[in-house]
Amino acid sequence: MNRRNHFSPPHSRSLLSTRQFRKVGSMKIGIIGAGNIGGNLTRRLTALGHEVAVANSRGPQTLTALAEETGAKPVPASEAARGAKVVVVTVPLKAVPDLPAGFLDGATEGVAVIDTGNYYPQQRDGLIAAIEDGLPESRWTEQQIGHPVIKAFNGTYAQDILDRGRPHGTPGRQALPVAGDDPKAKQAVRDLIDELGFDTVDSGGLDESWRQQPGTPVYGSQGDVDAIVKALSEASQERTAEWRA
């Protein structure tokens with residue numbers, strides 16, 4: 001059924017006179033996946049002073065160049081979350097079920113897990129029946145890993161992470177939608193995104209995260225808060241042919 005839903009986001013930012021990048025304090029962050037998004041998050045987060053452990057499917061020996069460039073610690077995927085307050089899962093959706101069992105066991109209590117993934121059935125992932133039947137992509141990922149997730153960065157160009165961050169309060173600052181059910185974890189992710197130089201819009205719970213999936217107006221947007229709010233409100237839950245298996 002093709003339908004459009006009214007979207008009324010909570011207040012998403014306050015304008016401050018400061019032009020400094022906000023700091024949330026150094027923390028341990030695990031990143032699983034060292035592709036375009038994972039690699040650039042590693043670059044930016046280490047530059048901000050965070051202690052980053054990064055992993056991929058091929059093993060830490062393949063991450064030497066990234067580690068030398070950034071100071072991040074290359075580790076096996078089973079160890080990336082150890083002691084982490086935030087863990088970023090940025091792997092192809094089809095690879096999520098292959099993540100090591102218990103990979104989050106060593107994380108801090110209340111760890112915020114960011115899911116950056118997208119379902120690309122024709123291009124990469126093949127058919128995932130539950131998603132085809134309407135389950136939001138990040139809800140499926142949550143079920144696979146057995147831990148709540150916060151959906152963010154999934155519609156962001158990787159290069160934007162390096163190039164488009166601006167100090168808090170900058171007019172027209174690019175905004176990213178963030179969805180999730182855990183208020184504390186969501187706020188931790190929003191604070192981290194603010195530190196990276198972007199505003200955020202709370203796009204609702206994970207059941208509403210279809211509003212930022214591929215094919216929606218917000219996907220790939222580089223707009224500010226107002227533009228992101230408008231794009232989320234115009235989303236349709238129907239998955240178009242381009243984004244179905």
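Hydrogens, waters and symmetry mates play no part in the numbers below; they use all other heavy atoms, side chains included. Residue numbers count from 1 along this sequence.
One distance of note links CD of Gln212 with CG of Asn118; it measures 9.0 Å at 0.5 Å rounding. In this structure, CD1 on Ile193 lies 8.5 Å from CZ on Arg190, to the nearest 0.5 angstrom. Atom CD1 of Ile114 and atom OG of Ser138 lie 11.0 Å apart (nearest 0.5 Å). How far CG of Leu176 is from NZ of Lys151: 13.0 Å, rounded to the nearest 0.5 Å. Residue Leu192 holds its CG atom at 11.5 Å from CZ of Phe198, rounded to the nearest 0.5 Å. Here the CZ atom belonging to Phe103 is positioned 14.0 Å from the CD atom belonging to Glu79, to the nearest 0.5 angstrom.
No donor-acceptor pair under 3.5 Å is formed between the side chain of Asn154 and the backbone N or O of Gly117. In this structure, His50 contributes its side chain and Lys28 its backbone to no donor-acceptor pair below 3.5 Å. Here the side chain of Ser78 pairs no donor or acceptor atom with the backbone of Pro100 at under 3.5 angstrom. Panel note: side chain Glu132, backbone Arg244; no donor-acceptor pair is recorded below 3.5 Å. Distance alone, capped at 3.5 Å, is enough to place a donor-acceptor pair between the Lys186 side chain and the Gly204 backbone. Between the side chain of Ser209 and the backbone N or O of Ala179, no donor-acceptor pair lies under 3.5 Å. Side-chain atoms of Arg44 come within 3.5 Å of backbone atoms of Ile161 as a donor-acceptor pair (strictly under, hydrogens ignored). Between the side chain of Tyr119 and the backbone N or O of Ile128, at least one donor-acceptor pair lies under 3.5 Å. Side-chain N or O atoms of Asp181 include one that pairs as donor or acceptor with a backbone N or O of Leu206 at under 3.5 Å. The closest donor-acceptor contact from the side chain of Asn56 to the backbone of Ala34 lies at 3.5 Å or more, if one exists at all.
By the 4.5 Å heavy-atom criterion applied to side chains, Arg124 and Lys94 are counted as neighbours. Within the 4.5 Å cutoff, the side chain of Ile32 has no heavy atoms near those of the Thr90 side chain. Contact check for Asp224 versus Asp199: no side-chain heavy atoms found under the 4.5 Å cut-off. In this structure the side chain of Ile131 never reaches within 4.5 angstrom of the side chain of Trp210, judged on heavy atoms. Contact of the Val113 side chain with the Leu104 side chain is registered, since non-hydrogen atoms from C-beta on lie closer than 4.5 Å. Side-chain contact check for Arg211 versus Ser203: every heavy-atom pair is 4.5 Å or farther apart.
Ile150 and Val87 fall into different hydrophobic clusters, where Ile, Leu, Val, Met, Phe, Trp and Tyr side chains are chained together by heavy-atom contacts under 4.5 Å.
Counting only N and O atoms by type, the side chains of Glu195 and His168 include no donor and acceptor under 3.5 Å apart. Inspection of the Asp194 and Thr200 side chains reveals no N or O donor paired with an N or O acceptor under 3.5 Å.
With respect to Val88, the side-chain contact (heavy atoms from CB on, under 4.5 Å) criterion is satisfied by exactly one of Val189, Leu41, Ile37: Leu41.
Asp133 has no carboxylate O lying under 4.0 Å from a charged side-chain N of Arg239, or vice versa, which leaves the two without a salt bridge.
Taking all atoms of both residues into account, the shortest heavy-atom contact from Gly83 to Thr108 is O-CG2, 3.4 Å. Closest of all the heavy-atom pairs between Ala55 and Ala80 is CB-CB, 4.1 Å. Of all heavy-atom pairs spanning Ala188 and Ala112, the tightest one is CB-CB, 4.5 Å. Pro121 and Trp243 make their closest contact through CG-O, 3.5 Å (heavy atoms, listed as atom of the first residue, atom of the second, distance).
Residues satisfying the side chain to side chain contact (heavy atoms under 4.5 Å, CB included) test with Gln222, not counting sequence neighbours, are Tyr157, Asp160, Arg164, Gln174. For Arg43, the side chain to side chain contact (heavy atoms under 4.5 Å, CB included) partners two or more places apart in sequence, or in a different chain, are Asn40, Leu66, Glu69, Thr70, Leu162.
Residue Asp207 places its CG atom among more than 12 non-hydrogen atoms of other residues, nucleotides or ligands, all under 6.0 Å distant.
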May I have the list of side-chain donor-acceptor pairs in residues 140-148 shorter than 3.5 Å, sequence neighbours left out?
{"unit_1": "Thr141", "atom_1": "OG1", "unit_2": "Glu137", "atom_2": "O", "d": "3.4"}
{"unit_1": "Glu142", "atom_1": "OE1", "unit_2": "Arg139", "atom_2": "NH1", "d": "2.7"}
{"unit_1": "Glu142", "atom_1": "OE2", "unit_2": "Val149", "atom_2": "N", "d": "3.4"}

